[in-house]
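Down below is the structure, laid out as structure tokens.
Ligands are counted one by one from 1 in listed order, and the atoms in each one are counted from 1 as well. Computed over heavy atoms, backbone and side chain alike; hydrogens, waters and symmetry mates excluded.
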Amino acid sequence: MTRFIIITGGVLSGLGKGIVTSSLGKLLKSRGFSVTAIKMDPYLNCDAGTMNPFEHGEVFVLRDGAEVDLDFGNYERFMDLDLCGEDNITTGKVYRSVIEKERSGEYLGKTVQIIPHVTDEIIRRIWKVANDAGTDIVLIELGGTVGDMESAPFLEASRQLRMELGDDIKKCFFIHTTLVPTLNVVGEQKTKPTQHSVQELRAIGIEPNVIVGRSDRYLESSTKKKISLFCDVPVEAVVSSPDASNIYRVPLILEDEGLADYVMKKMDMDPLYQERKSDAPGLETWKQFLERFENPESEITIALVGKYCDLKDAYTSHEEALNHCRAFTRTLIKMKYIESEDLETEENILKLLGDVDGILIPGGFGVRGINGKINAVHYARTNNIPMLSICLGFQVSVIEFARNVLGYQDANSSEFDDRTEHPVIDLMAMQRGIDMMGGTMRLGAEKVMLEKGSKAYGIYGTEEIEERHRHRYEVNPDYKDEFEERGFMFSGKTLNKKRMEIFEIPEHPFFMGCQFHPEFISRPTKPAPLFLAFVNAIRERKGLT
Ligand code: GLN
């Protein structure tokens with residue numbers, strides 16, 4: 001039997017509902033249950049791939065190449081899962097299927113409507129995931145806020161799903177996450193916004209079984225009682241989720257609040273728990289990770305040279321990958337976010353990069369800020385500063401070397417200058433002729449072969465690895481030999497050796513780049529190897545090892 005737990009949000013978006021969902025999944029997994037997660041996104045985009053990071057934070061890439069929003073990163077990191085594109089149900093995908101079915105005549109004779117056709121399509125997709133995954137529990141997070149026009153079909157589908165399951169709390173459970181603000185003047189916790197959003201949910205026909213109150217501090221017992229009374233849930237079903245010093249603490253906070261125990265009790269999961277508990281991983285490893293994370297013994301500073309620095313969410317997975325290294329190496333990693341456009345003068349380069357221990361250059365699109373990134377690479381290469389560059393960062397590092405070492409002043413990527421005589425970065429052949437933007441890049445996990453004896457090989461400790469990709473341009477293989485003759489080694493390539501995946505300069509303390517995105521597969525207790533090697537190189541250079 002599959003059990004569904006549906007997580008909705010009220011009052012405000014950005015409350016951290018994704019972290020609550022991920023944390024609950026972590027707690028259930030720690031008890032030995034198998035879990036998968038679905039995110040329903042009410043936007044009309046088919047996926048997050050075409051969205052500017054300023055809109056919605058970073059675009060996360062799943063193993064199968066699906067482009068999804070950053071909540072999936074948290075699901076994968078907290079629950080240690082590899083999810084797939086079908087786990088993301090967006091309005092765009094749902095409408096597209098319904099319209100295609102209408103055109104093919106599947107609804108012949110019928111007026112096609114939101115209820116039942118759109119809602120049926122949502123429910124069909126939920127069951128598809130549940131059946132394919134075959135897990136004990138399916139967590140379903142509904143993006144957005146109750147009351148939004150866009151979420152209405154998803155809430156209606158959720159209500160119908162519960163009915164379809166016999167209106168049985170054991171099979172379908174609702175958790176509502178809301179904001180409980182504190183009025184600073186009187187320091188009083190206000191429950192009215194929660195009451196209103198629960199009323200809104202009830203008007204749709206959904207009664208929440210648990211209310212998670214997001215607040216700057218723990219809910220007082222009088223606040224819990226009030227929410228219980230006005231929202232018609234037992235007091236033990238009102239759970240505090242106060243602001244935490246770091247997101248990795250949240251599972252432990254919710255464990256202390258009794259969330260998972262309450263869910264288990266109400267969903268009658270004890271018999272299943274008796275079967276599962278001998279293999280239950282528990283929370284010990286997580287606690288150890290947190291202990292290491294929270295008690296660093298040394299400190300380094302890493303500059304992230306990007307173009308969406310005003311919104312930190314744009315680089316979430318980079319930051320998390322470094323957080324995993326922080327715990328692993330007990331090193332506090334101070335991040336210095338630098339807008340690449342600010343690195344266009346010599347004076348600024350020294351001012352902004354002069355005091356950093358390492359430089360991270362993430363991926364990106366478009367020409368804005370490219371010169372600043374090239375300058376950052378040049379500074380790292382010529383001053384022996386450890387540098388890790390990713391995707392666009394990798395491409396920019398190749399351009400820098402071509403310009404300053406190979407002497408091709410006009411070397412460029414054809415993404416930025418399609419007339420250059422030296423397109424050291426060029427459109428992949430498979431990308432020619434593609435003019436649809438959505439989901440058409442080289443996406444998802446692919447194998448990379450490492451050169452024996454290289455730094456990369458030493459870091460991964462194996463010849464064949466798998467990493468996730470998201471790009472249209474690549475190193476022009478015509479230039480490969482020239483680079484290698486000058487000491488810029490391509491130590492990772494695709495199976496057919498045609499596509500450059502990793503470079504390194506062996507003489508440099510750490511000067512590496514990768515065409516793929518190692519940040520997407522970093523997990524709290526398994527930091528991404530390239531990130532870890534980067535941090536270790538910085539530590540070594542600072543004499544910290
Ligand atoms: N814009 C580059 C490309 O399309 C890099 C992409 C990225 O950094 N994700 O190849």
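- In summary, the side chains of Thr525 and Thr285 do not present any donor paired with an acceptor at a separation below 3.5 Å, with no hydrogens or angles considered.
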Note to self: ring-ring contact (aromatic ring centres under 6.0 Å, His included) for His56 and Tyr43? Distances and angles first, verdict last.
What the structure shows: CA-CA 11 Å; His56 217 76; Tyr43 44 70; 5.2 Å; yes
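- For a heavy-atom separation below 4.0 Å, the residues in contact with ligand 1 are Gly363, Gly364, Phe365, Cys391, Leu392, Gln395, Glu415, Arg470, His471, Arg472, Tyr473, His517.
- Side-chain atoms of Glu320 and Tyr248 include a donor-acceptor pair closer than 3.5 Å.
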Margin query: Before you tell me yes or no, could you show the steps for Tyr75 and Phe72 under ring-ring contact (aromatic ring centres under 6.0 Å, His included), namely the whole-Å CA-CA distance, both residues' side-chain angles and the distance that decides it to 0.1 Å?
Written below: CA-CA 5 Å; Tyr75 296 167; Phe72 276 85; 5.3 Å; yes
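- Under the 3.5 Å distance criterion, with hydrogens and angles disregarded, a donor-acceptor pair is assigned to the side chains of Glu504 and Ser491.
- Under the salt bridge (charged side-chain N to carboxylate O under 4.0 Å, His left out) criterion, Glu415 pairs with no residue, sequence neighbours left out.
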